[in-house]
Colleague: 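Below you'll find the structure I mean.
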Amino acid sequence: MKLIHLSDLHLGKRVNNFPMLEDQAYILERVLEIIDGEQPDAVLIAGDVYDKTVPSAEAVALLDDFLVKLADRSLPVLLISGNHDSPERLAFGGRLMETRGVYIAPAYCGGVTPVTLEDAHGPVDFWLLPFLKPVHLRRFFPEDGVESYTDALACAIQHMPIDPARRNVLVTHQFVTGAERCESEELSVGGADNVDASVFAPFDYVALGHLHGPQNVDGARVRYCGTPLKYSFSEVRHQKSVTVAELGDKGTLDVRAVPLPPKRDMVELRGSFAQVTSPEFYSQVDRDAYVRVILTDENDIYDAMGQLRPIYPNLMRLDYDNLRTRSGAAELEEADVKRDPLELFAEFYQQQNRRPMTEEQRRYLAELVEQIQEERA
């Protein structure tokens with residue numbers, strides 16, 4: 001069974017105040033071209049479909065258009081919510097959509113019913129597990145001792161009626177320990193959201209969402225496909241792609257990536273103001289690309305953004321790299337501002353109260369900060 005694995009579309013996202021909808025519409029058309037060439041048996045979308053829990057009308061219209069085009073191809077679509085999505089809003093009309101082969105995971109309610117598709121090798125059970133926190137599992141299984149994200153995923157999987165003799169595919173949206181993050185992703189306090197890959201042992205393929213860089217975790221069987229577009233300059237060197245996973249008979253898996261060329265690439269340019277504004281320099285640059293310019297001049301250039309925009313119309317960001325900024329960065333490092341906020345608060349708490357925080361207090365603080373970060377995203 002051939003599967004197209006997508007995730008983290010982040011429809012409606014703005015990057016450095018630039019709207020990305022035109023780029024997203026373009027890249028979804030390229031995804032459809034890949035689908036037409038590959039002729040898969042199903043499309044998996046592993047969460048963060050939207051960039052906000054309450055998406056814009058334009059973002060909703062774009063998803064609607066994409067799903068209709070997939071349904072018109074008589075292609076099953078299996079979709080879950082991520083931490084940026086509202087599972088209730090995303091699943092609205094889900095039971096009606098199933099009549100067109102679009103299966104959207106509802107908000108987690110203590111169990112998962114698989115979607116079963118068949119090929120020449122027999123049935124494949126697809127388990128759609130939206131983004132979960134420990135609090136979600138404690139609500140339904142208060143006696144199971146769920147404390148960590150690993151506990152939460154293990155508990156959810158334990159309560160799935162999985163038949164190990166059949167092929168099983170999990171579609172979920174979590175951070176798996178050992179995977180590489182980038183700055184466009186939402187970070188949790190203290191790495192509290194880590195999930196150990198061992199919980200995925202019952203599955204023949206795990207289609208992950210959440211991380212923006214395409215990568216395998218614990219072998220190709222557990223896979224992040226990454227975002228279809230670059231959403232920060234930490235992703236400049238990423239090769240964005242669509243993941244194609246092919247399941248043969250039980251235990252047989254082939255995974256490969258098909259490149260996704262964007263409408264506009266994202267590039268970083270470095271040099272003095274005189275260098276980056278010289279025809280010899282910018283003639284070698286894709287002028288339509290989204291650009292970050294890093295100036296090496298020791299003195300700030302007056303209205304540098306205004307002077308650079310006529311040359312680089314999609315200039316997103318301007319930074320300096322010189323003695324002043326490097327010494328400032330060193331001072332910040334010495335001030336230890338990059339330390340884990342949870343550790344800093346724990347030290348402050350101990351100084352104020354002359355006793356350490358309890359484990360229950362640390363967990364509550366981690367959940368509270370994570371909730372605030374999600375609300376600000």
Side-chain angles (χ1 to χ4, degrees), residues 5 7-8 46-48 80-85 87 108 112 127-141 144-160 170-203 205-227 231-232 234-235 238 338-346 356-377:
H5 173 192
S7 77
D8 296 88
D48 279 0
I80 65 166
S81 56
N83 57 301
H84 280 251
D85 301 310
Y108 185 73
V112 179
W127 305 88
L128 307 184
L129 192 63
F131 177 70
L132 292 179
K133 298 180 181 180
V135 66
H136 297 141
L137 275 296
R138 289 196 289 267
R139 174 186 172 191
F140 296 102
F141 307 106
D144 282 22
V146 174
E147 299 293 340
S148 67
Y149 275 73
T150 296
D151 293 342
L153 267 290
C155 180
I157 292 167
Q158 179 185 348
H159 288 88
M160 295 177 186
L170 177 68
V171 184
T172 194
H173 190 95
Q174 302 288 161
F175 173 59
V176 180
T177 305
E180 295 182 3
R181 285 178 143 157
C182 53
E183 70 180 24
S184 56
E185 299 150 4
E186 199 169 281
L187 303 181
S188 69
V189 177
D193 59 350
N194 286 15
V195 173
D196 192 281
S198 62
V199 302
F200 302 128
F203 300 100
Y205 182 67
V206 180
L208 289 168
H210 193 40
L211 299 192
H212 290 190
Q215 56 192 292
N216 296 333
V217 185
D218 192 31
R221 187 181 60 86
V222 182
R223 168 82 176 169
Y224 286 103
C225 62
T227 54
Y231 286 136
S232 79
S234 65
E235 302 174 41
H238 286 185
K338 293 186 177 180
R339 288 180 58 197
D340 188 326
L342 184 57
E343 292 181 12
L344 291 171
F345 189 90
M357 295 173 65
T358 65
E359 284 303 311
E360 183 178 359
Q361 288 171 324
R362 291 179 70 91
R363 286 195 300 271
Y364 176 77
L365 178 63
E367 291 175 2
L368 180 62
V369 174
E370 183 176 343
Q371 178 183 345
I372 293 170
Q373 289 173 335
E374 288 181 5
E375 291 173 352
R376 294 175 60 189

Colleague: For Tyr108 and Pro130, work out which heavy atoms get closest and say how close.
Modeller: N-CG, 4.3 Å

Colleague: Of all the heavy-atom pairs spanning Leu153 and Thr172, show the shortest one and how long it is.
Modeller: CD1-OG1, 4.3 Å

Colleague: Please check: side-chain N/O of Glu235 versus main-chain N/O of Gly213, any donor-acceptor pairing under 3.5 Å?
Modeller: no

Colleague: Taking only residues two or more places apart in sequence, or in another chain, which ones meet Asp144 in a side chain to side chain donor-acceptor pair (under 3.5 Å)?
Modeller: none

Colleague: Which atom names give the shortest non-hydrogen contact between Leu132 and Leu137, and what distance separates them?
Modeller: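 Nearest heavy atoms, Leu132 then Leu137: CD1-CD2, 3.7 Å.
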
Colleague: Measuring from atom CZ of Phe141 to atom NE2 of His159, what distance do you get when rounded to the nearest 0.5 angstrom?
Modeller: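 The CZ atom of Phe141 sits 4.0 Å away from the NE2 atom of His159.
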
Colleague: Does any N or O in the side chain of His173 come within less than 3.5 Å of the main-chain N or O of Ala46, such that one atom is a donor and the other an acceptor?
Modeller: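 The answer is yes, because a donor-acceptor pair under 3.5 Å joins these two groups.
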
Colleague: Determine, step by step, whether Phe200 and Val217 satisfy the side-chain contact (heavy atoms from CB on, under 4.5 Å) criterion, reporting the C-alpha distance in whole Å, the side-chain angles of both residues, the deciding distance to 0.1 Å, and the verdict.
Modeller: CA-CA 11 Å; Phe200 302 128; Val217 185; over 6 Å; no

Colleague: Where do Leu208 and Val222 come nearest, in terms of heavy atoms and distance?
Modeller: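 Nearest heavy atoms, Leu208 then Val222: CD1-CG1, 3.4 Å.
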
Colleague: Donor-acceptor pair, His84 side chain versus Asp8 backbone, under 3.5 Å?
Modeller: no

Colleague: To the nearest 0.5 Å, what is the distance between CZ on Phe345 and CD on Gln361?
Modeller: 9.0 Å

Colleague: How close do Cys225 and Pro214 get, heavy atom to heavy atom, and via which atoms?
Modeller: O-CB, 3.4 Å

Colleague: Using the ring of each side chain (for Trp, its six-membered ring), is Phe131 parallel, tilted or perpendicular to His210, with breaks at 30° and 60°?
Modeller: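 Taking His210 first and then Phe131, their aromatic rings sit tilted (interplane angle of 30° to 60°).
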
Colleague: Do you know the tightest heavy-atom contact between Ala197 and Asp218?
Modeller: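 Nearest pair, atom of Ala197 first, then Asp218: CB-CB, 3.9 Å.
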
Colleague: NE2 of His238 to CD of Gln215: how many Å apart, nearest 0.5 Å?
Modeller: 8.0 Å

Colleague: Please confirm whether the backbone N or O of Asp196 pairs with a side-chain atom of Thr150, one donor and one acceptor, at under 3.5 Å?
Modeller: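 Yes, because the side chain of Thr150 sits within donor-acceptor range (under 3.5 Å) of the backbone of Asp196.
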
Colleague: Verify, without hydrogens or angle tests, whether Tyr224 (side chain) and Val176 (backbone) share a donor-acceptor contact under 3.5 angstrom.
Modeller: yes

Colleague: Hydrogens and angles aside, do Ser234 and Ser232 bring a side-chain donor and acceptor to less than 3.5 Å of each other?
Modeller: yes

Colleague: Keeping Arg223 on the side-chain end and Tyr205 on the backbone end, is there a donor-acceptor pair under 3.5 Å?
Modeller: no

Colleague: Asp48 side chain to Asn83 main-chain N or O, any donor-acceptor pair under 3.5 Å?
Modeller: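 Checked: pair present.
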
Colleague: Within a strict 4.5 Å, meaning less than it, do heavy atoms of the Tyr149 and Asn194 side chains meet?
Modeller: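 Tyr149 vs Asn194: side chains apart.
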
Colleague: Is a side-chain donor or acceptor of Arg362 paired with a backbone partner of Ala346 at a separation under 3.5 angstrom?
Modeller: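 Pair absent, no side-chain N/O of Arg362 close to backbone of Ala346.
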
